[in-house]
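Residue numbers run from 1 in the order of the sequence given.
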Amino acid sequence: MPKQKTHSGAKKRFKVTGSGKIKKQQANLRHNFEGKPTKRTRRLSADKILAPGDAKVAKKLLGI
């Protein structure tokens, strides 16, 4: 049986914490900052932990 390959898109988007949770960057932080309040852009800059259902799929793509 051949080795399972890691999904290239997933390894660029997700990081695994020490406890095994999956972290991701939040959306809406690429452009159009003039229309967004500074408070919102600061909040969006923080990493977020994936929900359990999404984390299950992401772990499969990462080969964990």
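- Thr41 contributes atom OG1, which lies 12.5 Å from atom CG of Asn32 (distance to the nearest 0.5 angstrom).
- Separation of atoms CD (Gln25) and NZ (Lys12) is listed at 16.0 Å; rounding is to 0.5 Å.
- Both Phe14 and Ile64 belong to a common hydrophobic cluster when Ile, Leu, Val, Met, Phe, Trp and Tyr are linked at side-chain heavy-atom distances under 4.5 angstrom.
- In this structure, CD on Gln26 lies 12.0 Å from NZ on Lys23, to the nearest 0.5 angstrom.
- Taking both residues in full, the closest heavy atoms of Ala27 and Leu44 are given as O-CD2, 3.6 Å, listed atom of the first, atom of the second, then distance.
- Few gaps surround NZ on Lys36; more than 12 heavy atoms of other groups in view lie less than 6.0 Å from it.
- Considering CZ of Arg13 and CG of Leu61, their distance stands at 10.5 Å, rounded to 0.5 Å.
- Leu62 and Val57 fall into different hydrophobic clusters, where Ile, Leu, Val, Met, Phe, Trp and Tyr are joined by side-chain heavy atoms under 4.5 Å apart, directly or via other members.
- In plain terms, the two heavy atoms of Leu29 and Ser45 that are nearest each other are CD2-CA, 3.6 Å.
- Counting heavy atoms from C-beta on, the side chains of Val16 and Ile22 come closer than 4.5 Å.
- Distance alone, capped at 3.5 Å, is enough to place a donor-acceptor pair between the Lys59 side chain and the Gly20 backbone.
- At a threshold of 4.5 Å between non-hydrogen side-chain atoms, the residues Lys15 and Asp47 do not count as touching.
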